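A short write-up of the structure that comes next.
This one's a predicted model, so the numbers in the text were calculated from it and none came from an experiment. Every chain is numbered from 1 and lettered A, B, ... according to where its sequence line falls, protein lines coming before strand lines.
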Amino acid sequence: MPEGHTVHRLAAAHLELFGARTVTVASPQGRFADGARRLDGRVLETADAHGKHLLLRFDDDQVLHVHLGIYGKYALGPPPAPAPAGAIRLRLTGEGGYADLRGPNACELLEPGDVKTLLDRLGPDPLRPESDPALAWRRISRSRTSIAQLLMDQAVVAGPGNIYRAEVLFRAGIDPWLTGRDLTEAQWAGLWADLRVLMAEGVRTGRIDTVRPEHTPEAMGRPPRVDDHGGEVYVYRRTGQPCLVCETPVLATELAGRNLFWCPACQFPR
DNA sequence: CACTCATGTACAC
DNA sequence: TGTACCTGAGTGG
């Protein structure tokens with residue numbers, strides 16, 4: 001379930017489970033057998049998330065790059081690791097526990113130059129304190145592309161995915177089809193600040209909750225509800241259901257191959 | 001069992 | 001714009 005907050009949690013978890021200790025590395029499924037052999041027995045030195053990319057650096061300066069893509073999943077836990085089940089591309093085991101990786105978009109060893117290339121093509125990550133939102137604004141303010149599409153472009157902003165995209169636009173009351181160049185700088189500042197808040201909370205809790213206290217079902221006098229992805233949201237995957245603020249049915253459409261959800265009343269009529 | 005869908009990206013045309 | 005990648009969960013028969 002990978003948006004940026006998940007990957008930042010994974011980085012922290014890797015340091016906690018394996019940091020500064022020897023790690024056993026295997027590829028039970030076999031598709032990362034060569035890489036696993038090269039990493040086996042090394043010490044994990046750093047674990048970092050940049051947007052949705054996880055970078056694990058080992059004591060011989062080898063860097064493992066993992067990107068979960070849309071299917072990828074980690075299963076982490078304390079020892080002992082369970083008998084391998086299903087297609088496990090990568091298994092790390094150590095005294096602290098185990099980490100099983102399935103279905104990633106990328107699981108590969110990177111040369112130092114590759115790491116730089118990777119990081120250079122990412123926009124600022126709201127979860128990294130040093131990130132500069134002005135770098136994103138430079139591209140957004142010149143673009144004729146919709147803000148909805150720009151928010152999913154990892155070269156513009158690194159980390160947000162389809163849920164944060166939909167939710168942050170809803171919370172700001174912004175029409176998803178507003179173009180980058182028609183967005184005001186103040187609106188961008190607001191979106192960035194909200195991404196920082198929401199995603200940091202996502203790192204803390206491991207879920208995506210975006211509904212403000214005044215709009216919770218309890219506060220609105222409605223029956224309680226749980227969204228199927230585990231958190232509580234305004235519009236993501238709520239097609240046809242009443243907007244939590246104004247009760248207008250939530251709309252959905254496909255935009256650049258992904259589902260986009262929005263409230264046509266709270267976020268401006270088209 | 002078959003089929004659909006998914007919090008993503010890269011490349012082809 | 002379309003399609004491949006890749007795995008599991010959910011649904012329907």
[N], OP1 or OP2 - any side-chain N/O from [X] closer than 4.0 Å?
| X | N | answer |
| --- | --- | --- |
| A:Tyr164 | B:dT7 | no |
| A:Asn259 | B:dA6 | yes |
| A:Arg237 | B:dT7 | no |

Between [atom2] of [N] and [atom1] of [X], the distance in whole Å:
| X | N | atom1 | atom2 | value |
| --- | --- | --- | --- | --- |
| A:Leu10 | B:dT7 | CG | P | 18 Å |
| A:Tyr234 | B:dT7 | OH | C1' | 19 Å |
| A:Ile163 | B:dG8 | CD1 | P | 8 Å |

Next on the checklist: I'd like the P distance from B:dC5 over to C:dG13, given in whole Å.
Outcome noted: 15 Å
Next on the checklist: Distance check, P atoms only: B:dC13 and C:dC5, in whole angstrom units.
Outcome noted: 15 Å
Checklist entry - Between C:dT7, C:dA9, B:dG8, which nucleotide has the shortest distance from any of its atoms to the side chain of A:Lys73? => result C:dA9
Checklist entry - Which one, B:dG8, C:dC5, C:dG8, comes nearest to the side chain of A:Arg31? => result C:dC5
At a cut-off of 3.5 Å, list every protein nitrogen or oxygen paired with a nitrogen or oxygen from nucleotides 9-13 of chain B, distance to 0.1 Å.
unit_1	atom_1	unit_2	atom_2	d
B:dT9	OP1	A:His67	NE2	3.3
B:dT9	OP2	A:Lys52	NZ	3.3
B:dT9	O4'	A:Asn105	ND2	3.4
B:dA10	OP1	A:Arg121	NH1	3.2
B:dA10	OP1	A:Arg121	NH2	3.1

Next on the checklist: Just to verify, what does A:Glu254 make a salt bridge (Lys or Arg N to Asp or Glu O under 4.0 Å) with, not counting sequence neighbours?
Outcome noted: none
Checklist entry - Who are the salt bridge (Lys or Arg N to Asp or Glu O under 4.0 Å) partners of A:Glu185, not counting sequence neighbours? => result none
Item to check | Listed partners of A:Arg138 passing side chain to side chain donor-acceptor pair (under 3.5 Å), at least two apart | outcome: none
Checklist entry - Quick one: side chain to side chain donor-acceptor pair (under 3.5 Å) partners of A:Gln29, sequence neighbours excluded? => result A:Arg89
Next on the checklist: Students often get this wrong, so: under 4.0 angstrom with heavy atoms, is A:Gln29 touching a base, only sugar-phosphate, or nothing?
Outcome noted: sugar-phosphate
Checklist entry - Any sub-3.5 Å donor-acceptor pair from A:Glu108's side-chain atoms to A:Val66's backbone N or O? => result no
Using distance only, find each side-chain donor-acceptor pair of residues 13-22 of chain A under 3.5 Å and give its atom names and separation, not counting sequence neighbours.
unit_1	atom_1	unit_2	atom_2	d
A:His14	ND1	A:Leu10	O	2.8
A:Arg21	NH2	A:Leu17	O	3.3

Item to check | Note, A:Arg128 side chain near A:His8 side chain (heavy atom, < 4.5 Å) | outcome: yes
